[in-house]
Amino acid sequence: METSKAKQKSFRGSALLRFVFDLVLLLGFVAQAFVAGCLLVYGYIPIPAAWANRLLADKMPEGLHLHISTVHLNRGHIAFTGVEISTTEFRQALLSIDAAEVELDWGRLSALPEPKEISITGGTLYTPPIYAPSGQYTPLLERIALSVKPDESGWQVERLACLHEDIHLWGSVSLPQVQPSDALNTTEVLDNFYTRAATLSGQKARLEHFETPTIVFAAQPSPGGAFLISVDASSAKVNHPEVQAENIRLKGRFTWEDGMWSPLEAPAFSVSELNAPRYQLETSDARIHIPRDDFASLLQGQWPRLQIVAAQLNLSRFKLDAPVLRL
């Protein structure tokens, strides 16, 4: 009898194990069928947005809040739509993004995948009321598109394109790596950023006579908190009360620190046509160099020393071919 009871218990135990094993296989098959069905019908796997928001909330720096409308997983990419970032102080979104995509690096099977590239499109960065001249939320940068890649030194922001009012901005920025031990003071970072942004926006008045100006730049940090910036700025036309010009361009390398621009070399201007009636000056295909020491006075509206090299120059009644003038 005891042997028969033992056999019955053994049979029941093996039957239970077989049932659990079959259930696991069935759940695995259901999961695979769900994934295959989603990929076949939608082309991606939907991820519950509420779960993703809770998961990412624990990863955000203190004081920053993230909200995502939809999340999709598609062949190693995670796609987000309706992304908004706000702060504890400013509950209205400071940054809204129509679409973002994170490409994951699955190279190390023993570890969780890491971001390989982050791309965003349709972004808008807002200025909070306390930093805006109007006292209201106003767009600072619109139509933001960029790509971010990590490297050993930090983060590389590439293919950056955006619009500040009527100024088109294109460029790249190198950002230093933030150590996990570094405490991020959100309020201090935002105050520093928007204060500098207000300083730059205040200089926009200098471009009011330029038609659809475009600024191409490359910025990287330097020791001491300054940024090294290469600038290539252009405008199809300039309509100033005293000067009219076409196809004007400025190229130079600068340091930018505490809202101050300092040239590392003599900035170079080029212009295809220039007319200054007050000085009875007309020139074509001209290159204009400004000494480094005069750049600060130029920003303050003072007339700097100039070296002009042109294909042709008309000055008062004189017509000069291939002149070199120092003024």
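Positions are given from 1 along the sequence.
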Worksheet item: Are His65 and Thr88 linked by a side-chain donor-acceptor pair shorter than 3.5 Å?
Response: yes
Is a side-chain N or O of [X] found less than 3.5 angstrom from the main chain of [Y], in a donor-acceptor match?
X: His209; Y: Asn239; result: yes
X: Gln244; Y: His240; result: yes
X: Thr283; Y: Ala286; result: no
X: Ser147; Y: Arg159; result: no
X: Thr81; Y: Asp98; result: no

Can you tell me how far apart [atom1] ([X]) and [atom2] ([Y]) are? Round to the nearest 0.5 Å.
X: Ser96; Y: His67; atom1: OG; atom2: NE2; result: 13.0 Å
X: Ile144; Y: Leu95; atom1: CD1; atom2: CG; result: 6.0 Å
X: Glu117; Y: Lys149; atom1: CD; atom2: NZ; result: 4.5 Å
X: Asn53; Y: Ser69; atom1: CG; atom2: OG; result: 8.5 Å

Could you tell me which non-hydrogen atom of [X] sits nearest to which non-hydrogen atom of [Y], and how far apart they are?
X: Ser235; Y: Glu211; result: OG-O, 2.8 Å
X: Tyr137; Y: Arg91; result: OH-N, 4.4 Å
X: Thr138; Y: Ser134; result: CG2-OG, 3.4 Å
X: Ile68; Y: Ala49; result: O-CB, 3.9 Å
X: Trp155; Y: Asp151; result: N-OD1, 4.1 Å
X: Thr195; Y: Asp191; result: OG1-O, 2.6 Å

According to a hydrophobic-cluster definition based on side-chain heavy atoms being under 4.5 Å apart (Ile, Leu, Val, Met, Phe, Trp, Tyr only), do [X] and [Y] belong together?
X: Ile118; Y: Leu55; value: yes
X: Leu56; Y: Val102; value: yes
X: Val271; Y: Val216; value: no

Determine whether [X] and [Y] make a side-chain contact, defined as any pair of heavy atoms from C-beta on separated by less than 4.5 Å.
X: Phe193; Y: Leu140; answer: yes
X: Val157; Y: Ser172; answer: no
X: Ile78; Y: Val71; answer: yes
X: Leu169; Y: Leu163; answer: no
X: Ser174; Y: Gln156; answer: yes
X: Tyr194; Y: Val189; answer: no
X: Ile215; Y: Ile167; answer: yes
X: Tyr126; Y: Leu141; answer: no

Discussion item. Taking salt bridge (charged side-chain N to carboxylate O under 4.0 Å, His left out) as the definition, give me every residue that meets it alongside Glu165, ordered by chain and number, with sequence neighbours left out.
Written reply: Lys204
Worksheet item: By salt bridge (charged side-chain N to carboxylate O under 4.0 Å, His left out), which residues pair with Lys116, not counting sequence neighbours?
Response: Glu103
Just list the side-chain donor-acceptor pairs under 3.5 Å for residues 217-232, sequence neighbours left out, or say none.
residue : atom : partner : partner atom : Å
Ser222  : OG   : Ala226  : O            : 3.1
Asp232  : OD1  : Arg249  : NE           : 2.9
Asp232  : OD2  : Arg249  : NE           : 3.4
Asp232  : OD2  : Arg249  : NH2          : 2.5

